[in-house]
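Side chains included, hydrogens not; waters and symmetry mates left out as well; all remaining heavy atoms used. If you're wondering where the values come from, they're calculated on a predicted model, not measured in any experiment.
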Amino acid sequence: MRMKSMQTIGAALAAVGTAALTCSFLNPAMAHEDRLVPASVNKIQLSVGFHDEPAFFGNTNGVDVYLYTYDKPCTDVGGSDPGDFVGAPVDVNGANGDAVDLKVDLLLLSKEKPYIPGQSGNPTILAQKTVTLVSPLEEDAFSIGLYNSWFKPSQAAGGSSSGGLPHGTNAGKAYGFHVYGAVHAGANTYQCQGTTAPLPIAARDATINQYFVCGNGTRTPGDGSTCVEIPQSAP
């Protein structure tokens, strides 16, 4: 699934006939991995990846954490957009009492493979740093529901199987993110396209403890973040 904010932007650009620009603009968000995590009522949609993709070592980058409430697909309530859902961005700067208390660890792992706590065969965590200690997650001023923390990857990590070239001396290793903490979303409403009235969205709380690994480490096939590459040299 896609973030509702990116769907809206894509539709607006397509409406003015800028299809090529739409594809280029949407690429970073579409390379994030989306998950639904349990909440006290229904779910929270969590979408995580590098802010700038492809990511290059030595360049300032960051983590994107998109947070939305999620109840059901809009098609379940007669909506006309199969990619939309009944949900709203978690907005700490809004008037609904939303709150986000999340930390993010940047991980360097031994391989591009999903990391699932409590299961055997997980990649080894070679190094980790809590990037939110220096750069706490803050909501983007122009994209409601998007939270960022900033850092600079110090090395390349990713094998050719991740689909991006060129790669560095750490080919086969992988970057990842551990996102953990608490989220509160206040009551809200959302009206799906093709319906006649907004639907209520109940307040909810969620405890987040999720690991995201770049490239082939995604747990959502066809959906995930790129790994970190060496910048191309130019004269």
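Looking only at distances, no side-chain donor or acceptor of Asn188 sits under 3.5 Å from a matching main-chain atom of Ala88. A donor-acceptor pair under 3.5 Å links the side-chain atoms of Lys113 to the main chain of Gly121, judged by distance alone. At distances below 3.5 Å, not a single donor-acceptor pair connects side-chain atoms of Asp105 with backbone N or O atoms of Leu107. In this structure a side-chain-to-backbone donor-acceptor pair under 3.5 Å is present from Asp140 to Ser143. Asn122 places a side-chain N or O within donor-acceptor distance of the main-chain N or O of Gln119, the cut-off being under 3.5 Å. Between the side chain of Ser110 and the backbone N or O of Thr124 there is at least one donor-acceptor pair closer than 3.5 Å. Side chain of Thr132 to main chain of Lys103: no donor-acceptor pair is present (N/O by atom type, distance under 3.5 Å, no hydrogens or angles).
By the ring pair (Phe, Tyr, Trp, His ring centres under 6.0 Å) test, Tyr147 is found to be paired with no residue, residues two or more places apart in sequence or in another chain being considered. For Asp91, there are no side chain to side chain donor-acceptor pair (under 3.5 Å) partners at least two apart in sequence or on another chain.
Among all heavy-atom pairs drawn from Ala39 and Ile44, the shortest one is CB-CG1, 4.1 Å. In terms of heavy atoms, Ala206 sits closest to Pro38 at CB-O, 3.7 Å. Nearest heavy atom pair, residue Asn61 against residue Pro153, reads CB-CD, 4.1 Å. Shown here for Pro123 and Lys111, the closest heavy-atom pair between the two residues is CB-CG, 3.7 Å. For Gly145 against Pro89, the heavy-atom pair with the smallest separation is CA-CB, 3.9 Å. Residues Ala174 and Cys214 come closest through the heavy atom pair CB-SG, 3.7 Å.
For Arg35 and Gln210, the side-chain atoms include at least one donor-acceptor pair closer than 3.5 Å. Residues His184 and Asp98 bring no donor and acceptor atom of their side chains to less than 3.5 Å of each other. Residues Gln193 and Asp81 bring no donor and acceptor atom of their side chains to less than 3.5 Å of each other.
Val41 and Tyr190 are members of different hydrophobic clusters when ILVMFWY side chains are connected at heavy-atom separations under 4.5 Å. Both Val104 and Val37 sit in one connected hydrophobic cluster of ILVMFWY residues. Membership requires side-chain heavy atoms under 4.5 Å apart, directly or through other members. Cluster annotation: Val183 is not connected to Tyr180 through the hydrophobic network of ILVMFWY side chains, with a link wherever side-chain heavy atoms come within less than 4.5 Å. Clustering ILVMFWY residues whenever any of their side-chain heavy atoms sit less than 4.5 angstrom apart, transitively, puts Phe151 in the very cluster that holds Leu137.
From Phe85, atom CZ reaches atom SG of Cys74 across 8.0 Å, with rounding to the nearest 0.5 Å. Rounding to the nearest 0.5 angstrom, the gap separating the CG atom in Leu199 from the CG atom in Asp76 is 11.0 Å.
With contacts defined as side-chain heavy-atom distances shorter than 4.5 Å, the pair Asn148/His51 qualifies. Counting heavy atoms from C-beta outward, Cys192 and Val77 have side chains that approach closer than 4.5 Å. Side chains of Val100 and Leu67 form a contact here, defined as non-hydrogen atoms less than 4.5 Å apart. Taking 4.5 Å as the limit, every side-chain heavy atom of Lys173 sits out of range of all side-chain heavy atoms of Glu112. The closest side-chain heavy-atom distance from Cys227 to Phe50 is not below 4.5 Å. In this structure, the side chains of Tyr66 and His32 come closer than 4.5 Å at one or more pairs of heavy atoms. Leu106 is listed as a side-chain neighbour of Phe177, based on a closest heavy-atom distance under 4.5 Å. Looking only at side-chain heavy atoms (C-beta outward), Leu108 and Ile125 stay at 4.5 Å or farther from each other.
For residues 192-223, the set of pairs meeting the ring-ring contact (aromatic ring centres under 6.0 Å, His included) definition, not counting sequence neighbours, comprises Tyr115-Tyr211, His178-Tyr211. A salt bridge (charged side-chain N to carboxylate O under 4.0 Å, His left out) check over residues 194-213, counting only residues at least two apart or in different chains, returns the pairs Asp71-Arg204. Applying the disulfide (SG to SG under 2.5 Å) test to residues at least two apart or on different chains, none of the pairs has a partner in residues 103-148. The salt bridge (charged side-chain N to carboxylate O under 4.0 Å, His left out) pairs that include a residue from residues 182-203 number zero, where partners must be two or more places apart or lie in different chains.
In Glu138, the CD atom is not crowded: 12 or fewer heavy atoms of neighbouring residues, nucleotides or ligands sit closer than 6.0 Å.
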>> Run the side chain to side chain contact (heavy atoms under 4.5 Å, CB included) test on Asn59 and Lys152 for me, step by step, so that the C-alpha distance in whole Å, both residues' side-chain angles and the decisive distance to 0.1 Å come before the verdict.
In response: CA-CA 6 Å; Asn59 290 357; Lys152 182 184 291 186; 5.8 Å; no
>> Between Leu146 and Asp64, does the side chain to side chain contact (heavy atoms under 4.5 Å, CB included) criterion hold? Intermediate values first, please.
In response: CA-CA 7 Å; Leu146 167 61; Asp64 282 350; 3.7 Å; yes
>> Evaluate Thr69 against Gln45 for side chain to side chain contact (heavy atoms under 4.5 Å, CB included), listing each step before the verdict.
In response: CA-CA 6 Å; Thr69 53; Gln45 178 180 288; over 6 Å; no
> What do the steps show when you test Leu102 against Ile208 for side chain to side chain contact (heavy atoms under 4.5 Å, CB included), and what is the final call?
Replying inline: CA-CA 8 Å; Leu102 293 177; Ile208 307 293; 3.9 Å; yes
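Residue Glu33 forms a side-chain contact (heavy atoms from CB on, under 4.5 Å) with just one option from Thr220, Val48, Val213, Leu46, and that option is Thr220.
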